[in-house]
Amino acid sequence: MIAATGLTRRFGSRTVVNDVTFDVGRGEILALLGPNGAGKTTTLRMLAGLIAPTSGTVAIDGVQLTRATGSALRSRIGFLTEAPGLWDRLTVRENLRIYAGLYALANADATIDRALETFELTGRGSVRTAELSKGTRQKVALARALLHEPPILLLDEPTSGLDPEVTRSVRKLLEERRQAGCAILVSTHNLDEAERLADRVAVLHERLLALDRPATLRQRLTTGRLIVRLAGDPSAYIDAARTALPDVVDIAADGTALTLRLSDPERQTPALVAALVAAGARVLEVRAEMPALEEVYLHLMGDTDRGIGEPGCAYER
Amino acid sequence: MRIRTLITKEFLDIARNRAALVPVVLVTVMSLVLPFGIAIVVPALTGRGLGHDADLVNVSAAAGADYDLSNDARVQLFLFQQFLMLFLLTPITGAMALAAHAIVGEKQARTLEPLLATPITTFELLAAKVFGALAPTFAISLIGLALYAGGILLFAAPGVAMAMASARTLMLILVVAPTAALVSLQSAILISSRVNDARTAQQFGVLIIIPLTGVLVAQFTGSLWLSASALGLAGLGLLVLWILLALLSVVVFERESILTRWR
């Protein structure tokens, strides 16, 4: 539904987004992950038709986004901006009614009622938005972005600064929109959110550093460490493990588990388990140690741009 | 449809921020008080009618030429006609604050980006901003106009009210005032979309007062008398100028610069 091809954006001599290509399909959530200043908002603005790429193209449902097609295509997009951008002197309902008018919605009042109900804002319709908490303002902004039931959602930091309860309700809502077939692009620097929410993750830092499913990205940094949890003292089975895998030297007993660094887990794991069982061990669990997405992210940032500091400082929580 | 929707938003915003209209109301009240003070109150207090001033009688000669008026009435008619122009146009300078704030204000409140992400076109956005600032100002002007006409009927010399109801007055009210307002507000909107500070836009916008003052001074000194047809032509010129400014506003409105460079 969304196809970005070779997107590049320069501001003067500064390149903010460099040759970025990705697509987001129907019923998919893609998380755009990157530190502050990585070009996430600029990318979203280009996709929403707010700013033009210096080079490259954006296509929505196969139609190229241009000045001529912008107005029509924007009606298919729900865009949550970084700041809620509500008119403070207007009430929640008035804010939504103006946007319902801009999208030429029929039965605007009924649509607004539904949106207020969805976001648990029914009792807040007549409250001026200046009087709302940050979380509630964000909910109103989300309600506004979803008001015209767009098939495409571009969300810039949708849960930034929200409390866990509201964050969870936003995630639930995005799940529902995904189920409904929306193509959703979420910009975030919250790794946990990206991992929980997204089907795929695009790591952006001026250029696209990686684009894949979170699990696949994690596998890139698989440590090769195998953890075998056993009933009883694991140190009693170290010899059995060494006998089964004589070329593996890094074997340790840690609490209730044996940990081993394998060079070829696919081949070595079955032999190891068979040897342990033969030695009388009761195997409770066998799993490969996987890095968190955070480690993958920091690794990518550290490897590709030392200029932003040590890997551990590459992003803000 | 989208223009009407956004104008509704402007009205709601102004209705919740009535203080923004105080300058318009103040200027209207002053423009009401001033002519009645000069033409009615001062002569009544001094006991010396305006018709005794030969210079005033001379510059007033062209006013109400078709009517058989006393010197006092003719000078009053002249003054009320001149002040009518001032009265109709000066509230626009008050509305300049609204227009000057139109784009830069949305940007500063961070409400512009979600607005630009809707299907609204630049023309629709700018048109809504112009008419959103014009309508409340014009409504106040019309209320003032009713008071102005009522005051002339009640307090002016016999025949003045009848002589005021002329083609020239109609031209001023129906043609010159709205077109001049459109030109000045469109200028303010244009500037508002090119600067990053509402005060700058406002300072540029009020420059419209300079040609207006020039016309008024020329008329008061008798060196210029704008007839109904001259006012009609002026209105036409202003209309053309407004259309050109509206087109220019659309051309120079740069969404990108506004979103990415203004802070």
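Every chain is numbered from 1, with letters handed out A, B, ... down the list of sequences. Note that the coordinates shown come from a computational prediction; the quantities given were computed from them, not determined experimentally.
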Checklist line | Option in B:T121, B:L115, B:I120 with maximal non-hydrogen atom pairs under 4.5 Å from chain A | finding: B:L115

Notebook entry, point to check: For A:T81, is it the side chain, the backbone, both or neither that has a heavy atom under 4.5 Å from a heavy atom of chain B?
Noted result: side chain

Margin query: Tell me whether the count of non-hydrogen atoms from other residues, nucleotides or ligands lying under 6.0 Å of CZ in B:F11 goes above 12.
Written below: yes

Next item on the list: Fit a plane to each ring of A:Y103 and A:H148, take the angle between them on a 0 to 90° scale, and name the class: parallel (under 30°), tilted (30 to 60°) or perpendicular (over 60°).
Entry: parallel

Next item on the list: Examine distances only and state if a side-chain atom of A:N18 and a backbone atom of A:E206 form a donor-acceptor pair shorter than 3.5 Å.
Entry: no

Checklist line | Short side-chain to backbone donor-acceptor contact, A:T8 and A:T54, under 3.5 Å | finding: no

Checklist line | Under 4.5 Å from a heavy atom of chain A, the part of B:E124 involved | finding: neither

Checklist line | Sidechain-backbone polar pair: A:K40 side chain, A:P35 backbone, donor-acceptor under 3.5 Å | finding: yes

Next item on the list: Return the option, out of A:R144, A:R128, A:E82, with the maximum number of heavy-atom pairs under 4.5 Å with chain B.
Entry: A:R128

Next item on the list: Spell out, as yes or no, whether a donor-acceptor pair under 3.5 Å connects the side chain of A:R9 to the backbone of A:A52.
Entry: yes

Checklist line | Side chain, backbone, both or neither of A:L86 within contact of chain B (heavy atoms, under 4.5 Å) | finding: backbone

Margin query: For A:R76, which atoms come within 4.5 Å of any heavy atom of chain B: side chain, backbone, both, or neither?
Written below: neither

Next item on the list: Using non-hydrogen atoms and a 4.5 Å limit, figure out which bit of B:I3 sits close to chain A: side chain, backbone, both or neither.
Entry: neither

